Amino acid sequence: MLANIEPNVLPGLQIPPVTTEQFPERNEFREIERRIAQTVGYMRERLNQSLRVPKLAIMVGVSQSHFFALFKKQTGFAPMDFFIRMRMERACELLDATSLSVKEIAAALGYDDQFYFSRVFKSVNQTSPTKYRVSHTKQKVARQTSVSPFPVHRWENSGG
């Protein structure tokens, strides 16, 4: 039976590691993944600006349609949908942590029209920015004033 097993798969034998030179397409795929990750970082740094897919595709070094497919495969979202979600995540952070008005938050995220911003926010979060702030403020207050999760035990002296 052992005669049918190739020597490089026997227990105890060391198999040399696979190098990226042996699989250039794998190395190329990792490079594309790295560039997509850089694109996400680029987006995060420019939440207050409008971005265009052609520019992002050029940064990655692929066509627009290929960029769209690669980006969606890696993130699960189309590039601009992902960017909008990042903006709305930042909006939630600002609503939670600051007293900025909705108009000021919209402007901080590059939206000239606060009403358009509110519609986009609601489409992503299923609630308006104002309702989001109110509900999260109430939750925050409730957490701050809630009873400790560890109950205080009163030990009764039953021994007289």
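Keep in mind it's a predicted model, so treat the numbers as computed, not measured.
Nearest heavy-atom pair, Met86 versus Leu47, reported as atom, atom and distance to 0.1 Å: CB-CD2, 3.8 Å. Between Met43 and Leu56, the shortest heavy-atom distance links the atoms CE-CD1, 3.5 Å.
Lys72 is not listed as a side-chain neighbour of Phe77, based on a closest heavy-atom distance of 4.5 Å or more.
The cluster map of Ile, Leu, Val, Met, Phe, Trp and Tyr, joined by side-chain heavy atoms under 4.5 Å apart, puts Met59 and Met80 in the same cluster.
Checked for salt-bridge contact, Arg90 and Glu93 meet the test: a charged N lies under 4.0 Å from a carboxylate O.
Glu104 contributes atom CD, which lies 10.5 Å from atom CG of Leu94 (distance to the nearest 0.5 angstrom). Separation of atoms CG (Asn125) and NZ (Lys131) is listed at 13.5 Å; rounding is to 0.5 Å. If you take CG on Asp113 and OG on Ser118, they are separated by 8.5 Å, rounding to the nearest 0.5 Å. Atom CG of residue Leu95 and atom NE2 of residue His136 lie 9.0 Å apart, to the nearest 0.5 angstrom.
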| task | Would you check, one step at a time, whether the test salt bridge (charged side-chain N to carboxylate O under 4.0 Å, His left out) holds for Glu31 with Arg34? | result | CA-CA 5 Å; Glu31 177 62 19; Arg34 186 185 66 77; 2.4 Å; yes

| said: Evaluate Thr127 against Lys122 for side chain to side chain contact (heavy atoms under 4.5 Å, CB included), listing each step before the verdict. | reply: CA-CA 5 Å; Thr127 189; Lys122 187 171 185 175; 5.7 Å; no

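The backbone N or O of Phe71 lies less than 3.5 Å from no partner atom in the side chain of Gln74, so there is not a single donor-acceptor pair. Between the side chain of Ser135 and the main chain of Tyr132, a donor-acceptor pair closer than 3.5 Å is present.
Aromatic ring pairs are classed by plane angle as parallel below 30°, tilted from 30° to 60° and perpendicular above 60°; the pair Phe121 and Phe117 is tilted.
Annotation: cation-pi geometry satisfied between Arg87 and Tyr111 (NZ/CZ under 6.0 angstrom from ring centroid, within 45° of ring axis).
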